[in-house]
Amino acid sequence: MKITTWNVNSVRTRLAHVLDWLQANPVEVLCLQETKVTDDQFPRAALEAAGYQVYVSGQKSYNGVALISRSPLAEVAAGFGPVLGEATAASFDAQKRVITGVTAEGVRVVNLYVPNGSAIGSDKYDYKLRWLATLRSYLQALLAASPLICVCGDFNIAPTDRDIYDPVGRETHIMASDAERQALAAVLDLGFADAFRKFTAEGGHFSWWDYRAASFRRNQGWRIDHHYLTPALYEQAIACTIDRTPRQWEKPSDHAPVTVEFGSLSLDQ
């Protein structure tokens, strides 16, 4: 089983890219972020015609997440609200950043688009830290019901210095500040592990490159798109890779797809 996360930076703009990539890489679940479209305008028909189930939570021009699955998913829910209650989640769920569903194998996939934070010390930065604290409560509740969880998406955080092409000055840079890393670490302390680092220890591997300054050609990127796995899944992961190919296409997303693969083992634990 393969699960992919990909911030497509507008699903309507990159629809051909998504369809071409899926044809070449028929993964079981594709998690999209920053779809930038309302649910009624999502290009559902084209993906369904390609043989996929489509589950979306979107909004006009901003944010938006989707699950694209080869088989129907169970228990699909959007936002923090269904788990934490509307009183806790209301201030966060106005922005469409969370969607989850359970595969036929019993794996709960949690697809996230973590806030960027804009600038250290800004209101949006404070919102990001509060959002991550709420994510921790959300995942803690999910863990009580399932040991098989894959949390993936655009986290807008490079967890270590080896995840940045040049970490000098990162303490004052959004997506790498100490407070952001600590907030992410608090989430992972629930028992999640980084699938990519199970297989690749060295730096120089990135999933996002700025459109400016020939960043992709010079490989001046950041690794901010992740798969975090519960122990039962982590042990069964057999690969986790970043596919740089779509970043080379005409008018690409600034992110690359990241895929985790599991062996053909029983996941009913």
If we ignore hydrogens and angles and just use 3.5 Å, is the side chain of Y55 paired with the main-chain N or O of L73 as donor and acceptor? yes
With a 3.5 Å distance limit and no angle check, can you tell me whether D93 reaches the backbone of F80 through a side-chain donor-acceptor pair? yes
What are the two closest heavy atoms between A237 and F199, and how far apart are they? O-CZ, 3.2 Å
Heavy atoms only: give me the nearest I157-P159 pair and the separation to one decimal. O-CD, 3.4 Å
Before you tell me yes or no, could you show the steps for C150 and L233 under side chain to side chain contact (heavy atoms under 4.5 Å, CB included), namely the whole-Å CA-CA distance, both residues' side-chain angles and the distance that decides it to 0.1 Å? CA-CA 8 Å; C150 172; L233 278 182; 4.2 Å; yes
Check the hydrophobic clustering (I, L, V, M, F, W, Y; side-chain heavy atoms under 4.5 Å; chains of links allowed) and say if V187 and V151 are grouped together. yes
Are the ring centres of Y127 and F92 closer than 6.0 Å? yes
Can you see whether W208 engages D154 through a side-chain donor-acceptor pair at a distance of less than 3.5 angstrom? no
Could you measure the distance from the CE atom of M1 to the CD1 atom of I238? Nearest 0.5 Å is fine. 11.0 Å
Flag yes if V8 and V56 sit in one hydrophobic cluster, no otherwise; membership is Ile, Leu, Val, Met, Phe, Trp, Tyr, and two members link when side-chain heavy atoms are under 4.5 Å apart. yes
Exercise: identify the closest heavy-atom pair between P43 and L15: CB-CD2, 3.8 Å
Atom CD of residue position Q23 - does it have more than 12 heavy atoms of other residues, nucleotides or ligands inside 6.0 Å? no
Residue pair S215 / Y165, side-chain donor-acceptor N/O under 3.5 Å: no
When you look at L30 and L22, which way does the side chain to side chain contact (heavy atoms under 4.5 Å, CB included) test go after all the steps? CA-CA 9 Å; L30 173 61; L22 281 172; 3.9 Å; yes
Within 6.0 angstrom of D123 CG, more than 12 heavy atoms from elsewhere: no
F42 vs L47, test: side chain to side chain contact (heavy atoms under 4.5 Å, CB included). Steps then yes/no. CA-CA 10 Å; F42 193 95; L47 287 157; 3.7 Å; yes
Closest heavy-atom pair and its distance - E75, R108: OE1-NH2, 2.6 Å
Step-by-step side chain to side chain contact (heavy atoms under 4.5 Å, CB included) determination, F206 to R247: CA-CA 11 Å; F206 310 121; R247 189 60 174 82; over 6 Å; no
Checking E34 side chain against N7 main chain: does a donor-acceptor pair fall under 3.5 Å? no
Checking the side chain of K198 only, and the main-chain atoms of Y234 only, is there a donor and an acceptor separated by less than 3.5 Å? yes
So which of C152, P257, C31, S207 actually passes side-chain contact (heavy atoms from CB on, under 4.5 Å) with D225? S207
Is there a donor-acceptor pair under 3.5 Å between the side chain of N156 and the backbone N or O of V114? yes
With a 6.0 Å cut-off (strictly less than), is the heavy-atom count around CD of E202, excluding the residue itself, greater than 12? yes
Are S177 and E180 close enough that a side-chain donor and a side-chain acceptor fall under 3.5 Å? yes
Indicate yes or no for a side-chain donor-acceptor contact from R136 to the backbone of L190 under 3.5 Å, with no hydrogens or angles considered. no
Is any side-chain heavy atom of R217 less than 4.5 Å from a side-chain heavy atom of W209? no
Compute whether any side-chain donor of one residue and acceptor of the other, for Q33 and T5, lie under 3.5 angstrom apart. yes
Quick check: does any side chain N or O of T230 sit under 3.5 Å from a backbone N or O of P147, one acting as donor and the other as acceptor? yes
Do the charged groups of D163 and R197 touch, with an N to O distance under 4.0 Å? yes
Within the side chain of T172, is there an N or O that forms a donor-acceptor pair under 3.5 Å with the backbone of G169? yes
Quick one: closest heavy-atom pair of I242 and A256, and the distance? CG2-CB, 4.0 Å
Nearest 0.5 angstrom please: E28 CD to K2 NZ, how far? 8.0 Å
Do L143 and L184 land in one hydrophobic cluster if side-chain heavy atoms of ILVMFWY residues count as linked below 4.5 Å? yes
Taking R170 for the side chain and T160 for the main chain, is one N or O donor matched with an acceptor at less than 3.5 Å? no
Atom pair CZ (R70) and OG1 (T103), whose distance is rounded to the nearest 0.5 Å: 12.5 Å
Exercise: do N9 and Y211 side chains pair donor with acceptor under 3.5 Å: yes
Between S122 (side chain only) and G117 (backbone N and O only), is there a donor and an acceptor less than 3.5 Å apart? yes
K60 NZ to D40 CG distance, which is reported to the nearest 0.5 Å: 10.5 Å
Below 4.0 angstrom, N of the basic side chain to O of the carboxylate: do R223 and D194 qualify? yes
Of all heavy-atom pairs linking I68 and Y52, the shortest is CG2-CB, 3.6 Å
Should Y138 and L129 be counted in the same cluster of Ile, Leu, Val, Met, Phe, Trp and Tyr side chains packed under 4.5 Å apart? no
If you round to the nearest 0.5 Å, how far is NE2 of H226 from CG of L112? 11.0 Å
Do the two ring centres, one from H17 and one from W6, sit under 6.0 Å apart? no
